[in-house]
Colleague: 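The following block contains the structure, expressed as structure tokens.
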Amino acid sequence: MPFIPHTEQEVQQMLATIGVDSIDDLFDEIPAELTQFSLEGIPEGLTEMEVSGLMHQRARQDAGAHCFIGAGAYDHHIPAAVWEVATRGEFYSAYTPYQAEASQGTLQLLYEFQSMMTALMDMDASNASLYDGASALGEAMLMAVRSNRKSKSGKILVPTSLNPAYRDAAYSIVKNQGIEMVGIAVDAQTGKTDLSALDAYDNEDITAMVICQPNFFGVLEDVDALTAWAEQRNIMTVAVVNPLIMSVLKPPGQWGSNGADIACGEGQPLGIPLSSGGPYFGFMCCREKIVRQMPGRIIGRTLDLDGKPGFTLTLQAREQHIRRSKATSNICTNQGLMVTAATIHMAMLGAEGLARTAGASHQNHRKLVSRLTEINGVEAVFSSPVFHETVLRLPIATDQVLTRLADDDVLAGYNLSKDYPELGNVLLVCSTEKQTDQGVDIFVEKLKNLLS
Amino acid sequence: MPFIPHTEQEVQQMLATIGVDSIDDLFDEIPAELTQFSLEGIPEGLTEMEVSGLMHQRARQDAGAHCFIGAGAYDHHIPAAVWEVATRGEFYSAYTPYQAEASQGTLQLLYEFQSMMTALMDMDASNASLYDGASALGEAMLMAVRSNRKSKSGKILVPTSLNPAYRDAAYSIVKNQGIEMVGIAVDAQTGKTDLSALDAYDNEDITAMVICQPNFFGVLEDVDALTAWAEQRNIMTVAVVNPLIMSVLKPPGQWGSNGADIACGEGQPLGIPLSSGGPYFGFMCCREKIVRQMPGRIIGRTLDLDGKPGFTLTLQAREQHIRRSKATSNICTNQGLMVTAATIHMAMLGAEGLARTAGASHQNHRKLVSRLTEINGVEAVFSSPVFHETVLRLPIATDQVLTRLADDDVLAGYNLSKDYPELGNVLLVCSTEKQTDQGVDIFVEKLKNLLS
Amino acid sequence: MLIFEQSSSGRRALAQSPAKKAALDDLPADVLRKDPPAMPEVSELQVVRHYTRLSQKNFSIDTNFYPLGSCTMKYNPRACNSLVMLPGLVDRHPHAPDSHSQGFLSCMFELQEILKHVTGMKQVSLSPMAGAQGEFAGVAMIRAYHDAKGDNERREIIVPDAAHGTNPASAVMCGFKIREIPTKNDGDIDIEALKEVLGPQTAGIMLTNPSTVGVFERRIQEIARLVHEAGGLLYYDGANLNAILGKVRPGDMGFDVIHMNLHKTFSTPHGGGGPGAGPVGVSERLVPFLPVPMVDFDGDKYRFLTKQERPETIGRLSAFAGNASILLRAYIYARMLGREGMTRVAEYSTLNANYMLKKMQLAGFQPAYPERRATHEFIITLKKQAKELGINAMDFAKRLLDYGVHAPTTYFPLLVPECFLIEPTETESIDALDYFIESMIKIQEEAETQSDMVKGAPHTLPVRRLDDVKAARELDIAWKGCDN
Amino acid sequence: MLIFEQSSSGRRALAQSPAKKAALDDLPADVLRKDPPAMPEVSELQVVRHYTRLSQKNFSIDTNFYPLGSCTMKYNPRACNSLVMLPGLVDRHPHAPDSHSQGFLSCMFELQEILKHVTGMKQVSLSPMAGAQGEFAGVAMIRAYHDAKGDNERREIIVPDAAHGTNPASAVMCGFKIREIPTKNDGDIDIEALKEVLGPQTAGIMLTNPSTVGVFERRIQEIARLVHEAGGLLYYDGANLNAILGKVRPGDMGFDVIHMNLHKTFSTPHGGGGPGAGPVGVSERLVPFLPVPMVDFDGDKYRFLTKQERPETIGRLSAFAGNASILLRAYIYARMLGREGMTRVAEYSTLNANYMLKKMQLAGFQPAYPERRATHEFIITLKKQAKELGINAMDFAKRLLDYGVHAPTTYFPLLVPECFLIEPTETESIDALDYFIESMIKIQEEAETQSDMVKGAPHTLPVRRLDDVKAARELDIAWKGCDN
Ligand SMILES: Cc1ncc(COP(=O)(O)O)c(C=O)c1O
Ligand SMILES: Cc1ncc(COP(=O)(O)O)c(C=O)c1O
């Protein structure tokens, strides 16, 4: 009985208090015919020592490669203090801060998080997180549809340069609500959303438009032009951005003339380890005027009975526990612990540290790409500027390159050919500030050998 | 300037307040000719990311072997909670609890530690730690000499079955104070201290005697007989024990008729990781009547101004910061954090958990030894019962065995031939509860191959 | 003080970012940011000190008894955290090739299997990231099922009035209309009312069992029969799975789809609001629709299954594979529990709840369902205290904080007036339970003799009661600089 | 409540020890324990909760400004902790063969080199486990040196009256007699008095520079010359090395042996009392006597040197190689600082101390050495307050705790009456320094207007002032069961 403190004597005492003979008596309201089954398929319990041995072994199986994969999850340095503080029991094992007086630690931290995110995005308001970047986009689409009362169509323009997993997840989330996602092509030359492709929608009722920065190819979009186009047509703009990179690139709040309406994305680059894809956290920011359409928890600063400042959940009338079927979203549990870490991480790095991290990632990437494209048959697919991620064309099948290099513990990148067969043999490679010269040398050498 | 928060503007403001022009002006009392030197030999600073990469690399260099070495440091399971709680900032970054009111966490924990150690040893008093097992023995010898006022000789009987590193360290510590350590031979057959060898000292003025349980060979000593012999002659007894094993073996407080006078040893098996030999912690317990001779800090329970119980450093008149040259020891900083972990560890395991851990280690060891001694030419050297550690005779040089097996990532044991050349090719092997059948299989297979 | 208010222009944690600033001279000027965001400029020590001190202002399982009903605030084993931080796990990229994923994938596959067995479902997908997303996935599968059959008129989901808010909200997100049915005075749902709303428009029903009022729905088999006969499917909200783990299985009760809250039943951390993990399990007929990715094992290698292999899936719900390292934590916990441990979770959480219920009843507190067994939780109604003493459930809740105990869930489910939903969990000792009951008895005395003091509680926390109205009216949800 | 008082007979943390009990039937009955020790019987959650809550009762660097003079309570980088916990480091056995030790040994060797360079000594041994053991090792080397020359009459060690208690205590442990010399009013030692005690019986002198009164010993070169001329050696107590790191080196000042407190200058944790690390560095003449083990590098492999290779060593001081993973932490810290970082430690700790000194002086507090520069620390004497207001240094110290600031070192060094030895360290921001000064000013006001309140401080901590006399008289140093 791991984790159960009861002694036999205490159990007897408790049963006597209750007035039953056995624990099984407490289950006497359950129909007897439902309790006949076997759990043989579940292994027997292990001690912590045994499970620790097992997990060390499993961990070693997957460990120790040079990783050049990005594609939505980025291996950035995380200060040791971040997770040492974030996993303190008081943060780690607290519930959602419903009892505000007993949760001022988490509440103040979340208020600080909201403040940092609005600063980073240059937006008015931020919520306290959604599940991940992809589902946040789904929620942002729903929010845009709710917010744009002038439009009836529920049509949302989505560039094909959006991460395909985001497209899929968002589609799963919005498809049952009569929303239509309309693909906008990418310029085959530049890798940017094709501005001229928008002409086709000039006179259509479009509810919202998604704009990525950078897009899935690493390419920098003409965010001002795209936003301006949408602004002129009262189309809600939903920015999907890498928040780390917003420390050096123009943030959504400054796009076009008035800025994007909603900004969302994946918070992972802000202090969350790769850990097989989760838990990460989705963030969402918006303009003040549509804050009541925002899904998720929001923390506000207020005063207590003595006039002392304090923090509390606010605008709860948007949420499912108050509004039930009329809520802005069904989300309840969000990604609190991840946000705790991200807040500490952002405080630790500050604007300057984030900018240096983004900058070094990009600089490393230029080195990597220039080394790789020296190899015969390897070339960049798109002509436009990128940020720390590039699509490369390969002379042989991407799959084959990935498998062979993995044998040498080089994880060469993301197989873009799966999602974009029209691009041929293409590989999405990524760099962060953690990239080492030694890692690049090995990558180049192994790839050269394979291709020669 | 990692870890320095000053901005240039603040520096100027501070210098202006002080009334100097530059930071260098603050060093104007240092003779100029002393400041001409170069630090070229020290590398340039690294970021945390860089040093983290470096340490991961260094760690990988030494990782991943099956370890059958004991010889004073034991690879026991440590619950994850132990170090997660012990390294909380409030424990990790506090000083020695001089300001009692601001240190009740550490002080109560240390009181609980003392309580657990006295229970485990069945002694009256415990201090709050010394450096390690070996130096604790040195201190125990000095304490015994101070405590045994009837004896003048300063002669201490020390069995040759004592860990030789303990003997050396204790000697370094006591040698300048006119103390003589007299070796007592071991019975070549049983591996136990030779009781008949004591006859030679029947009529000598002996101040103290050291008794190990188990001894360095893993062999269980006749602690009752040894203690009784000393008691009859008013010789102070200093027990050197493995505290984990005291959960199943008769503790020092119950040896002979009245128990040992002082018990000390290495606390490492109580929740401290191997970590290359330190930090561990030395523990020391004693009878009430000699507690004022004990070195190191002691915590007492008392009341505060309001009559509320609280904890504070007590009997400080023994210590260097009060008594200076007349102190019982020069020790100041001890091993607080290790004791923090050990206290949590002992609370977590309890008497039953410690006993199960010791028991499983021993049971595993019986399996290991029976497997190894099936190999031709491998046999146990001593006939007496051992506890989780055994001296094996090998048909070839121990060094050679160790080196060859290490190539296969089997760390086969401790080379006892170095310290006891008279025993021939001998190896000290050890088991803990973490030993796996798979590990044993590999060990046996590799050794078999080598010897065949 | 906010971390922003500790800023000094130009200060930073120098060890934490690259020593040199990159030029970015390959990028066009108009994509670059002009002014840096107004973020804190502080030292590493300031950060550590600030957030360490903030943390101390929280109640948490690690520091307090936390009997928050419906939330299963049980001990979160620290090993689950430290082991997922091992190199190889913490730094595995979600797109790592299969060759570098077997360790991780084997854990995921085995977790799928364990959850399958303990719920009695046919197959499990781990990808939903919390309970509500599990609900969404489950209801979406119900819709996909009917749609696949061309049964397009089934657009109603039935939920009891006591249901958690996420149930109707999730159903609406799947495009359904909600039909609410009442709960009877004995805590079971009103089957007559159910019969009335069932029909060809019925897509399904969402139930929690034990229900949110803390009792086991006794006529579950009849309900299942009725719903199935009407052509609907049954959804099981697994928030209360702790009560029955290993004792009775949703699959055997007749449910077609279930989500589990691993952050409740499988003890992954709540983290001040998340993350969770809400795997879904299904009966045979819903298997094709499970969300992707799932993990498959061919006896030799583990691999992900995606839309390619599972064309009828409702799709993916996240960019990668859900809250992977929360799933890993749950896996570690499940392996430590093992088969026997699972059953004991239900047994001892139920024992604790019934013990508390009985002792509180003896102390004069009024159970909402006095004739019923408690499950892993139970409800006390404080309506008498509210009426006679003017001390309501909120007042009791706030005063409990002064006693160092986190308040139970208050005002949920709403149908019980002045309700206290109390869930002790199996990891709490009798001492903690007794301390809670003693505290309640003391507060009752205080309510009778010094009611103003109780109404003014808490008195010993970092803040007293907060002005929620002001918070919503004068919205201050982000720091706007020193001038504000 | 003690953890013992939360016990219940038979309760335990079941995940934490083997599921089966071994028989031990191979062992003779008389060596076995009859009754289990009376230790706590508690659950895993109880342990975590108890010690988490206890921790919150501590002041610490991570939660409070901690200007404890002579103790260098600077920020302890968390990376130093987490990196030494990596598999490969945390589980390396001290007797692992060289083939499995190169990672660890290379760190140790490089640390030896760094410490050598920054102190200006010829060679360094890392093995002493704290400052006091470093002192012991150093003085033992002085003795070994004289003994090796047959100079057996040198049995006196000179220490200033302001020296830390460990200095005389360590010298006595090496069999020396202590000669104390006074400190002058300007904080330097009295060189005339020194001359008087020097002679053929002089083994050496132990100095701290900057001294424990917080000033730099200006005539250090003259002192070195005098002591050397008398045939003695100079010992440097490195507790205050933070003040001069990279600015001036003990080796250049003429010292023959130095210990460093890595838990001060190199920011390894104090851990509520330790562990520390007290490496020793020596000048040419003491090299043969350094304690073992040391680490050697032949350009290819790293290895330990022991008595075999170093026959004149004073021996080993621990069972293995000292506080190895504290040394690793110091190594990590040293690598992050780098060459430039070292110097800045001294510069900014000195800047902070001088700034505080000046501001406190302006606020009316009385420096002990008003004519002198502060080094990394300085002394304020509160004798005026004690005399005129009846509020002494202890009262100020206790009241500071109510302000959330740890008290400076009080009553050390003893020669300054009502002394406050204040060491801010370089990692504290001007805000923290200003807050301390403001608090002191407020306490001064309180002392003038509500002195009883100050004398009764602290008021906001878990306990008020404790009865130390009772603690020593009615000794209660171990829990004796519930009956007590
Ligand atoms: C009964 C019930 N259903 C559903 C949920 C939603 O789960 P989650 O918060 O993980 O989204 C909860 C959580 O509080 C709950 O208590
Ligand atoms: C001046 C001085 N010397 C020596 C020491 C002793 O160092 P340790 O506590 O590491 O033994 C100290 C520690 O407080 C000190 O301040």
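Only this structure's heavy atoms are used, side chains among them; waters, hydrogens and symmetry mates stay out.
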Colleague: Heavy-atom distance under 4.5 Å to chain C: side chain of Ile298(A), backbone, both or neither?
Modeller: side chain
Colleague: Between Ile114(C) and chain A, which part of the residue has a heavy atom less than 4.5 Å away: side chain, backbone, both or neither?
Modeller: both
Colleague: Report the C-alpha separation of Asn58(C) and Gln104(A) in whole Å, then their side-chain angles, then the decisive distance to 0.1 Å, and conclude whether the side-chain contact (heavy atoms from CB on, under 4.5 Å) test is met.
Modeller: CA-CA 6 Å; Asn58(C) 274 1; Gln104(A) 287 296 301; 5.8 Å; no
Colleague: Compare all side-chain heavy atoms of Ile477(C) with those of Ser126(A) and state whether any distance is below 4.5 angstrom.
Modeller: no
Colleague: Which pair of heavy atoms, one from Asp252(C) and one from Leu34(A), lies closest together, and at what distance?
Modeller: O-CD2, 3.3 Å
Colleague: Nearest 0.5 Å please: distance from the OH atom of Tyr75(C) over to the OG atom of Ser93(A).
Modeller: 9.5 Å
Colleague: Classify the side-chain pair Asn330(A)/Gln133(C) by whether it contains a donor and acceptor separated by less than 3.5 Å.
Modeller: no
Colleague: Give a yes-or-no answer on whether the side chains of His50(C) and Glu112(A) include a donor-acceptor pair shorter than 3.5 Å.
Modeller: yes
Colleague: Is it the backbone or the side chain of Ser129(A) that comes under 4.5 Å from a heavy atom of chain C, or both, or neither?
Modeller: neither
Colleague: Checking Ser103(A) against Phe59(C) for the side-chain contact (heavy atoms from CB on, under 4.5 Å) test, could you report, in this order, the C-alpha distance in whole Å, the side-chain angles of both residues, the deciding distance, and whether it holds?
Modeller: CA-CA 6 Å; Ser103(A) 315; Phe59(C) 276 36; over 6 Å; no
Colleague: If you take all heavy atoms of Ile326(C) and Pro279(A), which pair is closest and at what distance?
Modeller: CG1-CG, 3.7 Å
Colleague: Under 4.5 Å from any heavy atom of chain A, what part of Lys116(C) do you find: side chain, backbone, both or neither?
Modeller: neither
Colleague: Between Glu113(C) and chain A, which part of the residue has a heavy atom less than 4.5 Å away: side chain, backbone, both or neither?
Modeller: neither
Colleague: Would you mind checking which part of Tyr51(C) comes under 4.5 Å of any heavy atom in chain A, side chain (CB onward), backbone (N, CA, C, O), both or neither?
Modeller: both
Colleague: Need one label for Arg143(C): side chain, backbone, both or neither, based on atoms under 4.5 Å from any heavy atom in chain A.
Modeller: side chain
Colleague: Do we see a donor-acceptor contact under 3.5 Å between the side chains of Tyr131(A) and Asn323(C)?
Modeller: no
Colleague: Examine whether an atom of Tyr66(C) lies under 4.5 Å from a heavy atom of chain A, and if so say whether it belongs to the side chain, the backbone or both; otherwise answer neither.
Modeller: side chain
Colleague: Check the side chains of Arg58(A) and Ser106(C) for a donor-acceptor pair under 3.5 angstrom, ignoring hydrogens and angles.
Modeller: yes
Colleague: Please check if the number of heavy atoms outside Phe37(A) that lie under 6.0 Å from its CZ is greater than 12.
Modeller: yes
Colleague: Kindly give the heavy-atom pair with the smallest separation between Trp83(A) and Met85(C), and that separation in Å.
Modeller: CE3-CE, 3.7 Å
Colleague: Is it the backbone or the side chain of Lys358(C) that comes under 4.5 Å from a heavy atom of chain A, or both, or neither?
Modeller: side chain
Colleague: Checking heavy atoms, do the side chain of Ile332(C), its backbone, both or neither come under 4.5 Å from chain A?
Modeller: both
Colleague: By a 4.5 Å heavy-atom criterion (distance strictly below it), what part of Asn163(A) contacts chain C: side chain, backbone, both, or neither?
Modeller: neither
Colleague: Give, as side chain, backbone, both or neither, the part of Cys67(A) having an atom under 4.5 angstrom from any heavy atom of chain C.
Modeller: side chain
Colleague: Quick check on Val172(C) against chain A: is it the side chain, the backbone, both or neither that has a heavy atom closer than 4.5 Å?
Modeller: both
Colleague: Quick one: list whatever passes side chain to side chain donor-acceptor pair (under 3.5 Å) with His77(A), sequence neighbours left out.
Modeller: Gln16(C)
Colleague: For each of Gly315(C), Gly338(C), Gly456(C), Pro269(C), tally heavy-atom pairs with chain A at distances under 4.5 Å, and name the one with the top tally.
Modeller: Pro269(C)
Colleague: Say you draw a straight line from CD1 of Ile299(A) to CG of Asp476(C); how long is it, rounded to the nearest 0.5 Å?
Modeller: 12.0 Å
Colleague: About how many Å separate CD of Gln177(A) and CE of Met173(C), when rounded to the nearest 0.5 Å?
Modeller: 6.0 Å
Colleague: For His406(C) and Gln99(A), which heavy atoms make the closest approach, and how far apart are they?
Modeller: CE1-CG, 3.4 Å
Colleague: Does any heavy atom of chain C fall under 4.5 Å from the side chain of Val339(A), the backbone, both, or neither of them?
Modeller: neither
Colleague: What residue, out of Gln108(A), Gln114(A), Glu10(A), Lys326(A), has the most heavy-atom pairs lying under 4.5 Å from chain C?
Modeller: Gln108(A)
Colleague: Please name the pair of heavy atoms, one in Gly310(A) and one in Leu466(C), separated by the smallest distance, quoted to 0.1 Å.
Modeller: CA-CD2, 3.7 Å
Colleague: Under a 4.5 Å heavy-atom cut-off, does chain C meet the side chain of Ala355(A), its backbone, both or neither?
Modeller: neither
Colleague: Of the backbone (N, CA, C, O) and the side chain (C-beta and beyond), which part of Thr314(A) lies under 4.5 Å from a heavy atom of chain C, both, or neither?
Modeller: side chain
Colleague: Please classify the contact of His263(C) with chain A as side chain, backbone, both or neither, using a heavy-atom distance under 4.5 Å.
Modeller: side chain
Colleague: Measure distances from Leu411(A) to the heavy atoms of chain C and classify the residue's part below 4.5 Å as side chain, backbone, both or neither.
Modeller: side chain
Colleague: Using non-hydrogen atoms and a 4.5 Å limit, figure out which bit of Ala334(C) sits close to chain A: side chain, backbone, both or neither.
Modeller: neither
Colleague: Relative to chain C, which segment of Asp124(A) carries a heavy atom at a distance below 4.5 Å: side chain, backbone, both, or neither?
Modeller: backbone
Colleague: Under 4.5 Å from any heavy atom of chain C, what part of Phe387(A) do you find: side chain, backbone, both or neither?
Modeller: side chain
Colleague: Using heavy-atom distances under 4.5 Å, tell me whether Leu337(C) contacts chain A through its side chain, its backbone, both, or neither.
Modeller: both
Colleague: Heavy-atom cut-off 4.5 Å, strictly under: side chain, backbone, both or neither for Leu142(A) against chain C?
Modeller: side chain
Colleague: Given that the side chain runs from C-beta out, which part of Met129(C) has a heavy atom under 4.5 Å from chain A: side chain, backbone, both or neither?
Modeller: both
Colleague: Given the rule in the side-chain contact (heavy atoms from CB on, under 4.5 Å) test, do Leu83(C) and His56(A) qualify, once you have shown the distances and angles that lead to the verdict?
Modeller: CA-CA 8 Å; Leu83(C) 292 174; His56(A) 273 85; 4.1 Å; yes
Colleague: Just by modelled atom types, is the Arg464(C) backbone N or O under 3.5 Å from a matching donor or acceptor in the Asp304(A) side chain?
Modeller: yes
Colleague: Does a sphere of radius 6.0 Å around NZ in Lys34(C) hold more than 12 heavy atoms from other residues, nucleotides or ligands, not counting ones at 6.0 Å or beyond?
Modeller: yes
Colleague: Measure distances from Leu220(A) to the heavy atoms of chain C and classify the residue's part below 4.5 Å as side chain, backbone, both or neither.
Modeller: side chain
Colleague: About how many Å separate OG of Ser60(C) and CD of Glu90(A), when rounded to the nearest 0.5 Å?
Modeller: 5.5 Å
Colleague: When you measure from the side chain of Arg33(C) to the backbone N and O of Met246(A), does any donor-acceptor pair fall under 3.5 Å?
Modeller: yes
Colleague: Could you look at Asn352(C) and say if it's the side chain, the backbone, both or neither that has a heavy atom under 4.5 Å from chain A?
Modeller: both
Colleague: With a 4.5 angstrom heavy-atom cut-off, could you sort out which part of Gln363(A) is near chain C: side chain, backbone, both or neither?
Modeller: side chain
Colleague: Measuring heavy-atom distances to chain C, does Glu266(A) have an atom under 4.5 Å in its side chain, in its backbone, in both, or in neither?
Modeller: neither
Colleague: Which atom pair, heavy atoms only, marks the closest approach of Leu89(C) to Ala59(A)?
Modeller: CG-CB, 3.7 Å
Colleague: Measuring from atom CD1 of Ile23(A) to atom OG1 of Thr343(C), what distance do you get when rounded to the nearest 0.5 angstrom?
Modeller: 11.5 Å
Colleague: Using the side-chain contact (heavy atoms from CB on, under 4.5 Å) rule, take His93(C) and Asp75(A) through it: C-alpha gap first, then chi angles, then the decisive distance, then the call.
Modeller: CA-CA 8 Å; His93(C) 194 283; Asp75(A) 186 22; 5.9 Å; no
Colleague: CE of Met39(C) to OG1 of Thr118(A): how many Å apart, nearest 0.5 Å?
Modeller: 9.0 Å
